[in-house]
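Below you'll find the structure, written out as structure tokens, and then a few comments.
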Amino acid sequence: MLKNIKTIFFTAVKLTIFAFLLLILFIVGFKYLPKEQQDTIHNFCRNFTPAPFESISSSMFIGKACDADPRVQNAICKNAVILDGNITKNMYEDLKSAIKRDQLPNKLICLRSRGGVTQAAEAISDLIRTHQLDTCLSEYVEYDQAYSSVTSNFAAITKQTHSDVMCDSACPFILISGKNRIALGDDFKLRLHSSSSPRYLCVTTIYESSNLDKGNPLLDVVNKSPAEQQAKHQMLYQRSLLTNFKKLDEVSHDDFEKYAIFNLKP
């Protein structure tokens, strides 16, 4: 009996090691396949795996952004459209649709996001620049309307409030695309890191550092900055390269002027 248990145990260990080696071989080999074949495998695997990060829905709201919580103290508030959540193609399409349908109540876009897809960030930045929209970060945001991709319209919702405002990863590069960039208060976080490129496999998703020296969407965003601000925005971009994509580097408020983050007082 004991002999049979040992045999089963060692057989299971051998099979586990063999499967692990096959996985490593597959991952290494996948990297060197032509992109067309990678896409074919990825699309096939999506039938059996949860939706990847890029398909997670994001949100666009109408509400107000404030320099403090108006429920507990006097505050300066501005009506705004707030982009809240993962920066994705869906977020870009929603903003593009709202602009085309003339549904924005004003030209102020405020942000609350932990980052997302760099290509989507570049596309949103281009929209903001093309239509000369302003951007902002605030201490407090309040939403009373949400955008629906199904109806292509804003609709009333139960009021939502948030005092934990952050702008991470690709988000700061959307922020610096605003014609006027406003800081409402100072109790919010702006954090950077180097971009990563996801590789979707049948069994897992692997993130690798992107080539940020050239051909990177965030670099393209910076290169479109106005001439008088471009050098400082380049410094912000270069700082992002210094932090591994698995970590976050918080930019202190004392450095906001150094990087030309904001250019207008409320």
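For the single chain, residues carry numbers from 1 onward in sequence order.
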message = Applying salt bridge (Lys or Arg N to Asp or Glu O under 4.0 Å), can you list everything that pairs with D255, at least two apart in sequence or on another chain?
response = R239

request  = Kindly determine whether H233 and F173 satisfy ring pair (Phe, Tyr, Trp, His ring centres under 6.0 Å), including the steps that lead there.
outcome  = CA-CA 9 Å; H233 289 173; F173 297 93; 8.7 Å; no

query = Are more than 12 heavy atoms from other residues, nucleotides or ligands located less than 6.0 Å from atom CZ of R129?
reply = yes

task = In plain terms, say whether E122 and K224 are close enough for a salt bridge, that is, a side-chain N and a carboxylate O under 4.0 Å apart.
result = yes

task = I would like to know whether K258 and M235 meet side chain to side chain contact (heavy atoms under 4.5 Å, CB included); could you show each step before the answer?
result = CA-CA 9 Å; K258 174 182 177 181; M235 290 171 57; 3.4 Å; yes

message = Testing the basics here: between F262 and A183, what is the closest heavy-atom pair and its distance to 0.1 Å?
response = CD2-N, 3.5 Å

D144 with K64: basic N within carboxylate O range, under 4.0 Å = no

request  = Locate the shortest heavy-atom distance separating I82 from G63; write the atom from each residue and the value.
outcome  = CD1-N, 3.9 Å

inquiry  = Check D134 with K179, please: is the shortest side-chain N to carboxylate O separation under 4.0 Å?
reply    = no

inquiry  = Students often mix this up, so state it plainly: with edges at 30° and 60°, are the rings of H253 and F188 parallel, tilted or perpendicular?
reply    = tilted

key: Residue that, paired with L127, satisfies side-chain contact (heavy atoms from CB on, under 4.5 Å) out of L133, I109, L95, I174   = L95

ask   = Run the side chain to side chain contact (heavy atoms under 4.5 Å, CB included) check on E139 and L184 step by step: do they pass?
value = CA-CA 6 Å; E139 287 192 17; L184 289 165; over 6 Å; no

remark   = When rounded to the nearest 0.5 Å, the distance separating CG of D69 from NE2 of H162 is 12.5 Å

